[in-house]
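Just below is one structure, and these are the notes that go with it.
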Amino acid sequence: MTHRVAVIAGDGIGPEVTAAALDVVRAAGVDVDVVRFDLGADRYLRDGHVLDDDDLERLRACDAILKGPLGPPVGDTRVPPGTIERGIILRLRFAFDQYVNLRPFEGAGVEFVVVRENTEGSYAGEGGFLRKGTPHEVATQGSVNTRFGVERCVRYAFDLAMTRERRHLTLVHKTNVLTFAGDLWQRTFDEVAGAYPDVTTAYHHVDAACIYLVEDPGRYDVIVTDNLFGDILTDLAGAVTGGVGFAGTGNLNPDRTAPSMFEPVHGSAHDVAGTEQVNPSSQILSAVMMLEFLGEAEAAARIRKALDHVRATNPTPSTIGALVAERL
Ligand code: IPM
Ligand code: MN
C-alpha cells in the first residue's frame with residue numbers, strides 16, 4: 001500500500017533531517033508518495049507566504065504529514081514572533097484536530113510517554129489587549145479547557161496506558177492554584193478512571209513533577225497533561241533522557257478525520273546546518289511514529305532496532321541516516 005505523505009522539509013537543518021528520515025522509511029520497504037510543501041521561515045522571508053486555505057486543503061488530502069523543524073535562526077528579527085508558530089504549526093494542529101501531542105521518551109534507563117493536550121489550554125489564542133501601547137495597557141491570555149477536549153485527551157491516555165506493561169497513568173496539573181481548569185481536569189480524570197480499573201493512577205502538581213522527572217523519572221509510565229504544562233515538561237523530559245535530539249512527536253488526530261503530523265521535538269538549529277553535527281534521530285523517530293500510525297508496525301519496529309544499533313556505535317551524527325538505511 002502506498003502512503004501519500006506530505007513533507008514540510010522545514011528550515012535550518014530541516015531539509016537534511018527530513019531527507020534522512022525519508023531515506024530510512026524507503027529503505028525499510030515502505031511505499032511513500034511524497035507531496036512537498038514549501039512552508040516555513042525561509043519561504044516567509046522569500047515571498048511573505050505563511051499558510052493559506054489552499055495549502056490546508058492540499059495537506060488534508062494526504063495520509064500524514066512529516067514535518068521538519070521550522071523557524072528562523074535565533075535572533076533573526078525579520079520573522080515576527082508567532083508568525084511560524086501560530087501561523088503554521090498551531091494552525092495545522094488545530095485545523096486538523098490533532099488533539100493528542102504524543103511524546104515518548106527513552107534513555108538514561110527509563111521509558112515513559114507524555115500525552116499532551118494539543119488544541120486547547122493557553123495555546124487556544126484566547127485573550128487580547130486593552131489600551132495597547134499606553135501606560136495603562138492590559139494583556140490577557142486565557143486558558144481554554146472544555147470538557148469535550150479534556151475528556152478525549154484523558155481517554156486517549158487511559159487507552160494508551162492499557163496497552164503498556166505497567167498500566168500506570170499520572171495526571172499533571174496545578175489544581176491547587178488553577179482551581180477552575182484544574183478542577184475540570186481532575187474531575188474528568190477521576191470519572192474516566194472509573195472505566196479503567198486496571199490502570200493505576202496518580203496526580204502530581206506540575207512543579208513537583210519537574211523535580212520527579214529529574215530525580216526519579218522511573219516513577220512515570222504515562223503522563224497526561226495540558227498543552228502548556230506538556231510543552232514545558234516534554235523539553236525537560238527530553239533533556240533528562242538524553243536530549244530533545246532523541247525524541248519524536250506525533251500530533252495525532254486519533255479519530256482520523258484529518259491527517260496527523262509528525263515532527264521532531266528540537267528546533268531548526270541553523271547554526272549547525274550542513275555540518276557533521278546534524279542529527280536526524282528525532283526526525284527518524286517521528287517518521288517511525290508516523291509509520292506506526294499508518295499501520296506499518298513491522299517496518300517501524302525494524303527501523304527502531306536499526307537506529308538503536310547505529311546509535312550504540314557512537315557515529316558522527318550526520319551519518320546516522322545513511323547508516324540506518326544501510327542496515328535495513
Ligand atoms: C513544541 C514547540 C511548539 C509548541 C512551538 C514551536 C509552537 O515548542 O512542539 O513543543 O510550543 O508547541
Ligand atoms: Mn516545545
Side-chain angles (χ1 to χ4, degrees), residues 8-14 17-18 21 37 39-44 50-51 64-77 79-105 112-127 141-145 149 153 172 206 209-210 213 223-253 259-270 281-283 285-287 289-290 293:
I8 303 173
D11 301 310
I13 62 171
V17 294
T18 47
F37 289 81
L39 298 168
D42 288 346
R43 171 77 191 271
Y44 173 77
V50 180
L51 178 79
I65 304 168
L66 185 67
K67 179 193 145 298
L70 300 183
V74 177
D76 187 329
T77 53
V79 186
T83 304
I84 304 299
E85 295 82 350
R86 284 223 168 261
I88 302 180
I89 303 172
L90 298 186
R91 184 145 181 227
L92 290 173
R93 290 177 184 171
F94 296 174
F96 296 151
D97 209 18
Q98 295 162 350
Y99 64 84
V100 166
N101 185 299
L102 188 68
R103 293 187 164 167
F105 295 94
F112 58 89
V113 48
V114 179
V115 175
R116 162 185 172 192
E117 199 293 317
N118 210 31
T119 55
E120 304 192 339
S122 29
Y123 277 64
E126 193 270 348
Q141 189 104 43
S143 172
V144 175
N145 299 264
C153 174
V172 171
V206 64
C210 290
L213 268 179
I223 291 175
V224 64
T225 191
D226 97 333
N227 208 337
L228 182 59
F229 294 146
D231 177 47
I232 299 165
L233 224 47
T234 53
D235 266 20
L236 180 60
V240 163
T241 55
V244 285
F246 292 106
T249 294
N251 295 274
L252 307 183
N253 173 329
S260 295
M261 176 165 73
F262 301 84
E263 60 185 353
V265 173
H266 60 72
S268 45
H270 289 253
S281 298
S282 179
Q283 190 76 55
L285 285 168
S286 305
M289 293 176 75
M290 176 180 81
F293 197 77

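Heads up: numbering here begins at 1 and tracks the sequence. Both ligands and their constituent atoms are indexed starting at 1 by order of listing.
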With distance as the sole test, does N227 use its side chain to make a donor-acceptor pair with the main-chain N or O of E120 at under 3.5 Å? yes
Can you check whether E85 has an N/O within less than 3.5 Å of an N/O in ligand 1?
-> no
dist N118:CG -> Y99:OH (nearest 0.5 Å) comes out at 11.5 Å
Rounded to the nearest 0.5 angstrom, the CG-CD1 distance for L70 and I89 is 5.0 Å
heavy-atom search around atom 11 (O) of ligand 1 in the protein gives Y123 OH, 2.6 Å
Output for pair (L102 CG, R116 CZ), nearest 0.5 Å, gives 12.0 Å
Ligand 1 to R116, heavy atom cutoff 4.0 Å, flagged ligand atoms 1 (C), 4 (C), 10 (O), 11 (O), 12 (O)
Report for the Mn ion (ligand 2), protein N, O or S closer than 2.8 Å, by chain and number, lists D231 OD1
Rounded to the nearest 0.5 Å, the CD1 atom of I232 sits from the CG atom of L228 at a distance of 4.0 Å
Q.
Any salt bridge linking R91 with E85? Criterion: basic side-chain nitrogen under 4.0 Å from a carboxylate oxygen.
A. no
Smallest heavy-atom separation, L39 atom then V50 atom, equals CD2-O, 3.3 Å
Would you call R93 a ligand 1 contact, heavy-atom distance under 4.0 Å?
yes
Note: ligand 1 atoms sitting under 4.0 Å from heavy atoms of I89 are 6 (C)
Closest to atom 8 (O) of ligand 1 among protein heavy atoms sits D231 OD1, 3.3 Å
Going by heavy atoms, is H266 under 4.0 Å from ligand 1?
-> no
When rounded to the nearest 0.5 Å, the distance separating CD1 of I8 from CE of M261 is 6.5 Å
Distance-only criterion, 3.5 Å: show the donor-acceptor pairs between side-chain atoms of residues 238-248 and protein atoms not counting sequence neighbours.
residue	atom	partner	partner atom	Å
T241	OG1	A237	O	2.8

Counting from 1 in the order shown, the ligand 1 atoms closer than 4.0 Å to a non-hydrogen atom of R103 are 1 (C), 9 (O), 10 (O)
Shortest non-hydrogen pair, F262 vs S286, comes out as CB-O, 3.5 Å
